[in-house]
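Here is the naming used below: chain letters follow the sequence lines, and residue numbers restart at 1 for every chain. Please read all numbers here as calculations on a predicted model, not as lab measurements.
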Amino acid sequence: MPNFKQIESKWQKAWEKSKIFQVKDSSKKKKFYVLEMYPYPSNFGLHMGHAFNYTLGDIQARFKRMNNYNVLYPMGFDSFGLPAENAAIKAKSHPKKFTEKAIKNYIKQMKELGLSYDWSRIIETHKPEYYKWDQWIFLQMLKKGLAYKKEAPVNWCPKCKTVLANEQVHNGKCWRHENTKVEVKNLNQWFLKITDYADELYEGIKKLDNWPELVKKLQTNWINKSYGTEIIFKINNKSWKIFTTRPDTLYSVTFMVISAQHPKLMSIVTEKQKKEVEKFVKKLSSVSEEDLDKLEKEGVFTGSYAIHPLTKKKVPVYTGNFVLASYGSGMVMADAHDQRDLEFAHKHKIPLIAVLKPKDGEAEDPNKTKKAFTGHGILINSGKFNGLTSEKAKEEITKHLTKLKLGKNTINFRLKDWLISRQRFWGTPIPIIYCDKCGTLPVPEKDLPVKLPDTIKLTKTESALENYKPFVETKCPKCKGKAKRETDTMDTFANSSWYYLRYTDPKNSKEIFNKTKANYWNPIDLYIGGKEHACMHLIYIRFYTKFLRDLKLLNFNEPAKKMFNQGMLQGPDGQKMSKSKGNIILPETVSKKYGIDTARLFLVSIANPDKDINWSKDGVEGSLRFINRIFNKKFKIGKSSKKTQHKVNSTIKQVTKYIEELKYNLAVIKIRELFDSFEDEISKKDLEASIKLLSPFCPHIAEELWEKIGNKKFISIESWPKYDSKKINPEIDTLDELISNTIKDVNNIKNLVKTKPKKVTISVSEAWKYSIIKKIKKEMEKDYDISRIIKAVIDKTHTKEISKLVPMFVKNPKKLPEIVLTQEKELKALKENISKFEKEFKLKIEIKKEDPKASPGKPSILFE
RNA sequence: GCGGGUGUGCCAGAGUUGGUCAAAUGGGCCGGACUUAAGAUCCGGUAGCUUAGUGCUUGCGCAGGUUCGAGUCCUGUCACCCGCACCA
């Protein structure tokens with residue numbers, strides 16, 4: 001077994017010293033930007049799942065580097081976040097301490113994985129040099145009216161003591177505390193107006209050609225653009241807008257439902273109903289929007305009536321728990337053609353009117369049926385719109401409303417504005433100052449960054465900044481009087497929304513990044529990360545990209561050309577790795593036992609990298625066996641046989657293609673087959689090419705072998721081998737097959753005779769091919785089904801070329817393909833391999849040519 | 001409820017313009033070689049029936065269909081997994 005530890009550290013040091021992975025911002029070479037989503041530096045360190053993730057990118061980076069690309073492959077840390085803050089609170093300390101310790105450990109571990117990052121470009125989001133630019137972006141958004149403050153019902157996690165974005169609430173529970181119910185609370189919060197970009201974000205998805213379909217679908221559903229109609233209802237003489245996708249059911253509206261969380265709800269509640277409504281709202285206050293669905297559809301009458309815009313009838317307005325305050329306008333018109341509305345109406349004994357009938361039937365009485373007719377149909381009970389189809393009626397009714405100025409066509413999105421305020425310490429401070437005289441003011445750009453205090457010791461969960469006078473107390477930038485700082489910090493997703501740009505110019509203190517550099521490297525050519533980020537990070541990063549483009553800083557529209565979602569690495573038990581299950585595999589342990597190259601090789605050879613995979617001890621040992629085999633093999637440098645040349649060249653071709661497609665598992669198979677096919681003697685060039693193929697997967701071992709065969713420079717910066725198509729000869733594979741069949745024959749016969757013959761005569765027979773022809777002729781004479789004839793041909797010849805001739809057979813069954821007899825070639829191949837045979841069987845072997853016209857019934861191998 | 005995905009041999013997992021698929025590769029298991037022995041290593045086997053065979057049969061969740069031909073396309077069905085969630 002190679003001394004992995006020694007080899008690994010030798011090359012890791014050499015790489016670091018030589019700075020071969022550092023990259024310049026311009027080059028004659030084509031650029032390639034590979035990026036993995038940067039991690040949160042947890043104090044538990046990296047586990048094998050991270051190793052898998054980063055290996056995927058590293059292989060690509062190494063591959064592209066060898067293919068003469070100028071490769072940007074950086075790494076950084078998403079170092080703001082709750083765990084460090086919580087740890088600090090527990091230890092009555094500063095989160096920076098924990099964070100930087102964790103980062104140090106991460107870097108060490110990453111280097112031990114042999115990842116070829118350009119460490120000179122490291123970014124850490126908790127550093128003022130970085131988050132200064134978070135604040136700068138915020139100020140730009142403020143200028144453009146994209147950052148604003150408003151009071152809104154927000155999700156409040158009592159454990160984090162902070163507000164969560166909708167996207168951070170999972171099933172009504174906090175995303176970090178699975179058992180903590182999210183409460184609803186009204187607070188004054190900062191929002192980013194991502195909805196201004198909703199349409200572009202939505203339409204742009206279609207152009208993300210190399211993004212996984214899954215991510216695209218999830219984003220499409222998340223943003224959810226829907227075309228509909230805005231209709232104005234009058235309540236107590238005030239206009240209330242509602243949004244509907246079904247204006248064709250307008251005549252069916254017999255009541256309205258307003259969200260129980262609507263900010264203006266109380267304004268329409270009458271004195272008489274006040275008590276009941278308040279009771280109802282209070283009951284719901286501990287339930288988040290996302291949790292509402294678990295409740296039964298409930299509601300109470302507000303006491304007010306709305307005027308139907310067309311019939312002018314009075315319809316009662318209810319408040320209900322099934323209407324979202326944040327979608328549309330927070331109020332819906334309710335009718336007989338919606339299941340929820342129907343159920344609600346039945347419960348509250350509200351009469352319903354059917355206005356649609358099926359195209360081929362009669363309408364059911366909605367007051368009696370339990371199932372609403374929700375499809376499209378023909379309008380009835382709808383005044384002058386009777387007889388129209390739903391589709392037509394949607395248009396006509398909207399047109400009519402537009403004329404009356406009571407409605408219009410509109411587009412609605414499900415996507416909500418992004419709430420970025422966090423009442424936490426360990427985040428980017430929002431650069432805002434509040435002055436009693438001058439109001440809310442942005443921190444002047446020259447005063448950035450607004451730094452987090454370094455000296456503070458955290459003791460409580462609540463916002464430490466709020467209670468820390470040296471931070472809060474400041475001067476008003478306008479009147480120079482006493483003023484207070486904003487104490488909210490930003491969601492960490494703000495940091496990660498543009499980090500990829502900072503890698504291109506990480507040390508710039510004058511500007512967010514140099515435009516030329518950022519535009520040279522971007523967009524990212526390959527972005528690797530988990531699919532769990534489909535709806536949050538991957539939408540935010542697109543949003544920021546578009547915003548910075550609109551500031552004329554970027555000349556592209558989307559952050560990444562290609563996105564790749566890696567699968568999850570699960571423990572040996574097939575379960576998600578977790579501390580509680582005790583199934584976490586650490587790179588250190590594995591590396592010590594098998595070497596990190598073995599682990600890298602194993603991780604990518606289990607399955608396609610986008611599949612979830614299981615760690616397996618037996619499996620990794622298989623990879624170890626392979627590495628041992630090639631490491632210990634003694635190569636005689638000389639001349640490659642035709643066969644070796646063929647294998648090397650065809651493997652180069654296939655492996656190159658597979659790596660490009662990120663089908664690493666298939667690439668590894670081909671590499672294994674290549675090394676296993678080697679004969680004793682091989683040319684230096686072929687051997688070098690083979691080691692190069694291995695190098696992105698097993699960089700340390702490859703460097704070692706490279707040196708062992710007498711090379712001085714690093715294989716990591718050598719150029720990728722090119723195949724010579726002239727040396728690829730598929731016939732060699734066919735002959736190989738024939739030979740292995742012959743071996744099988746010999747073995748079979750050996751087993752049968754159970755004695756050790758001294759001499760074997762193998763005659764290469766083409767008899768079977770004759771037998772096919774015979775068979776075909778026979779079948780034809782019998783006037784058999786043509787399909788059987790063709791099947792016979794295909795089964796026997798196994799050549800694609802012939803299968804392509806099938807249509808010809810169908811047209812003209814008499815014209816049989818001419819089967820080329822390759823007896824001469826087979827003989828030759830066997831002769832070439834005779835020594836191998838003799839060694840294999842410990843026999844004397846004699847090869848005899850058989851009469852090609854001999855009957856197919858004769859044995860082709862004779863023993864003496 | 002809506003949307004998405006998956007279902008292949010003892011196991012993991014390849015396999016999309018339908019045709020070299022009884023099914024890559026790895027693991028496991030069985031046998032052989034080597035060895036005093038074990039391990040490592042190397043070789044062979046691993047659906048069933050056969051065999052002198054490069055033969056036959058069955059076969060990729062289940063049931064049908066299209067086709068000369070289907071793991072691959074279509075329809076239905078079952079199972080599991082994941083995302084979103086009262087979207088008006």
Quiz item: Between K617(A) (NZ) and G28(B) (P), how many Å, whole number?
Solution: 9 Å
Practice problem: Just call it for N224(A): base, sugar-phosphate, or nothing, with non-hydrogen atoms closer than 4.0 Å on any strand. | Solution: base
Quiz item: If you measure from the Lys or Arg side-chain nitrogens to the Asp or Glu carboxylate oxygens, is any gap between D610(A) and K531(A) under 4.0 Å?
Solution: no
Quiz item: Can a donor-acceptor pair be found between the side chains of D417(A) and T195(A) at a distance below 3.5 Å?
Solution: yes
Quiz item: If you check every side-chain atom of D618(A), which of G27(B), A14(B), A12(B) has the closest atom?
Solution: G27(B)
Exercise. Tell me what K670(A) touches on the nucleic acid: a base, only sugar-phosphate, or nothing, going by heavy atoms under 4.0 Å.
Key: nothing
Exercise. Give one of base, sugar-phosphate or nothing for D341(A), where a contact means two heavy atoms less than 4.0 Å apart.
Key: nothing
Quiz item: Looking across every strand, which nucleic acid part, if any, lies under 4.0 Å from E673(A) by heavy atom: base, sugar-phosphate, or nothing?
Solution: sugar-phosphate
Quiz item: With a 4.0 Å cut-off on heavy atoms, is S605(A) in touch with a base, just the backbone sugar-phosphate, or nothing at all?
Solution: nothing
Exercise. State which of G4(B), C87(B), G3(B) makes the closest approach to the side chain of L214(A).
Key: G4(B)
Quiz item: Roughly, in whole Å, what's the span from CZ in R414(A) to C1' in C87(B)?
Solution: 8 Å
Quiz item: Once you round to the nearest 0.5 Å, how far does CG of L693(A) lie from CD of Q654(A)?
Solution: 10.5 Å
Self-check item: Modelled atom types, side-chain donor and acceptor of S226(A) and T245(A), under 3.5 Å
Solution: no
